[in-house]
Amino acid sequence: MVERPRPEQPIAAGRGRGYAMAAGRDVSGGLEAVAVSLWPPGETPPPFQYSPDSVPGADGAVDPTEVTFPGCPCRALSCSARSCPCLRRCAAPLFECNAMCRCGDGCENRVVQRGLQVRLEVFKTAKKGWGVRALEAIPEGTFVCEYAGEVLGFTEARRRTCAQTAQDCNYIIAVREHLHSGQVMETFVDPTYVGNVGRFLNHSCEPNLVMVPVRVDSMVPKLALFAAIDISAGEELCYDYSGRFRNFPLSGGEQKASEEGNVLRKPCFCGSRSCAAFLPWDGSLFPAADTRSESSA
């Protein structure tokens, strides 16, 4: 069995070392370009290691820090869609210029990789545990933060999911991208032990954030969260854990999966008019809901 990292164990991060959060007022411990506030005074979330970027999981199956994309030859300060190969392939999926590109750090095609640029606060909610709110107005389309954590292979993601109890918080997110060829690319991120401010974001059936996979150095995406609407200062930031937006109806397969396995679904406290009453549940990581063998993960 692969040992999970523990909060006191240092873990290398893309822009610094992992940080075991103390009772300070900056949740990121100085690892973000903008401090992440904490409220109320005297209360602190359970310890975890802060990392602004995703890191390889304990299973070692996926390395999100590896650079495998070639860089663009652009010598301008900012790339142009007519000449930059990074921008020309930006239909879907989204690609940013990377460490191998010749363009400058000020290139307009470098957004998510710059990390947190808006002021956020982790705060204690009335019913949903910890949450995140904006400390400044955020215009629609603005990059807010990444959902960073350990990037896992399917086998380890399923093992961790199956080991959870009904009382445990589930931070594991499974992102599936359907390609034109019919293939499905899967990314599993778990910020339970190593993560950033994104791990505190709550679910809403009418979210103000939308998650978009953005690739920088390799095909392992950064799970970027953008403002889906204009957001006011003081407003809680939420996204739809299911990957849908504005509570589009469940497909038949999703509905069946959500009812299988005798899993105790957790109530949703988002309070929106279209609230589904329960948090989304992904049954694909449970053995009964998946037919793949261990070797094919």
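Along the sequence shown, residues are numbered consecutively beginning with 1.
Here the shortest heavy-atom pairing between Ser204 and Cys238 reads CB-CB, 3.5 Å. For the residue pair Leu237 and Leu201, the shortest heavy atom distance occurs at O-CD2, 3.5 Å. When all heavy atoms are compared, the tightest approach of Val36 to Asp26 is N-OD1, 2.9 Å. Residues Thr68 and Ser218 share a closest heavy-atom pair of OG1-CB, 3.1 Å. Contact between Val122 and Pro45 at its shortest, heavy atoms only, is CG1-CG, 4.5 Å. Across every non-hydrogen atom of Val151 and Pro64, the tightest pair is CG2-CG, 3.7 Å.
Each salt bridge (charged side-chain N to carboxylate O under 4.0 Å, His left out) pair with one or both residues in residues 209-221, not counting sequence neighbours, appears once here: Glu177-Arg215. Screening residues 225-239 for salt bridge (charged side-chain N to carboxylate O under 4.0 Å, His left out), with sequence neighbours left out, gives Lys128-Glu236.
Partners of Val214 under the side-chain contact (heavy atoms from CB on, under 4.5 Å) rule, at least two apart in sequence or in another chain, are Leu94, Glu96, Val112, Val212, Ala224, Phe226. In this structure, the side-chain contact (heavy atoms from CB on, under 4.5 Å) partners of Gln183, at least two apart in sequence or on a different chain, are Leu179, Ser181. Taking Glu43 as the reference, Lys124 meet the side chain to side chain donor-acceptor pair (under 3.5 Å) condition, with sequence neighbours excluded. Taking Tyr147 as the reference, nothing meets the ring pair (Phe, Tyr, Trp, His ring centres under 6.0 Å) condition, with sequence neighbours excluded.
No donor-acceptor distance shorter than 3.5 angstrom exists from the side chain of Arg158 to the backbone of Ser284, with no hydrogens or angles considered.
If you chain together ILVMFWY residues whose side-chain heavy atoms come under 4.5 Å of each other, Leu279 ends up in a group of its own. Residue Met100 shares its hydrophobic cluster (ILVMFWY side chains chained together at separations under 4.5 Å) with Val67. Using a 4.5 Å cut-off between side-chain heavy atoms of Ile, Leu, Val, Met, Phe, Trp and Tyr, Phe269 forms no hydrophobic cluster with any other residue.
Residue Ile229 is grouped with residue Leu120 when hydrophobic side chains (ILVMFWY) are merged at heavy-atom distances under 4.5 angstrom, including chains of intermediate members. Leu116 and Trp39 are not part of a single hydrophobic cluster, where members link through side-chain heavy atoms under 4.5 Å apart.
Of the residues Tyr241, Phe278, Tyr171, the one that meets the ring pair (Phe, Tyr, Trp, His ring centres under 6.0 Å) test with His203 is Tyr241.
Side-chain atoms of Ser274 and Glu206 form a donor-acceptor pair, as typed in the model, at a separation below 3.5 Å. For the residue pair Thr192/Arg199, the side-chain donor-acceptor check at 3.5 Å is not satisfied. In this model, no donor atom of one side chain and acceptor atom of the other lie less than 3.5 Å apart for Asp53 and Ser51.
No side-chain heavy atom of Gln113 sits less than 4.5 Å from a side-chain heavy atom of Glu146. Side-chain contact check for Val189 versus Ile172: every heavy-atom pair is 4.5 Å or farther apart. Phe95 has its side chain out of reach of Asn109: every pair of non-hydrogen atoms, C-beta onward, lies at least 4.5 Å apart. At least one side-chain heavy atom of Cys205 sits less than 4.5 Å from a side-chain heavy atom of Cys268. Taking 4.5 Å as the limit, some side-chain heavy atom of Arg176 sits within range of a side-chain heavy atom of Phe188. Here the side chains of Trp130 and Leu38 are in contact, with some heavy-atom distance below 4.5 Å. Taking the side chain as every heavy atom from C-beta outward, Cys79 and Cys86 never approach each other to under 4.5 Å. Residues Asn196 and Pro52 fail the side-chain proximity criterion, which asks for heavy atoms closer than 4.5 Å.
To the nearest 0.5 Å, atom CD1 of residue Ile231 and atom CG of residue Asn208 are 4.0 Å apart. Atoms CD and SG, from Glu108 and Cys97 in turn, are 10.5 Å apart once rounded to the nearest 0.5 Å. Note that SG of Cys270 is 10.0 Å distant from CG of Asn202, once rounded to the nearest 0.5 Å. Rounding to the nearest 0.5 angstrom, the gap separating the CD atom in Gln164 from the CG atom in Asn170 is 4.0 Å.
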Quiz: residues 132-144 side-chain donor-acceptor pairs under 3.5 angstrom, not counting sequence neighbours:
from	atom 1	to	atom 2	distance (Å)
Arg133	NE	Glu121	OE1	2.7
Arg133	NH2	Glu121	OE1	2.8
Glu136	OE1	Arg119	N	3.0
Thr142	OG1	Pro139	O	2.8

Item checked: Phe48/Phe200 under ring-ring contact (aromatic ring centres under 6.0 Å, His included): CA gap, chis, key distance, verdict -> CA-CA 12 Å; Phe48 71 102; Phe200 295 106; 5.6 Å; yes

Margin query: Between Ile173 and Leu223, is the side chain to side chain contact (heavy atoms under 4.5 Å, CB included) condition met? List the steps.
Written below: CA-CA 10 Å; Ile173 189 168; Leu223 305 185; 3.8 Å; yes

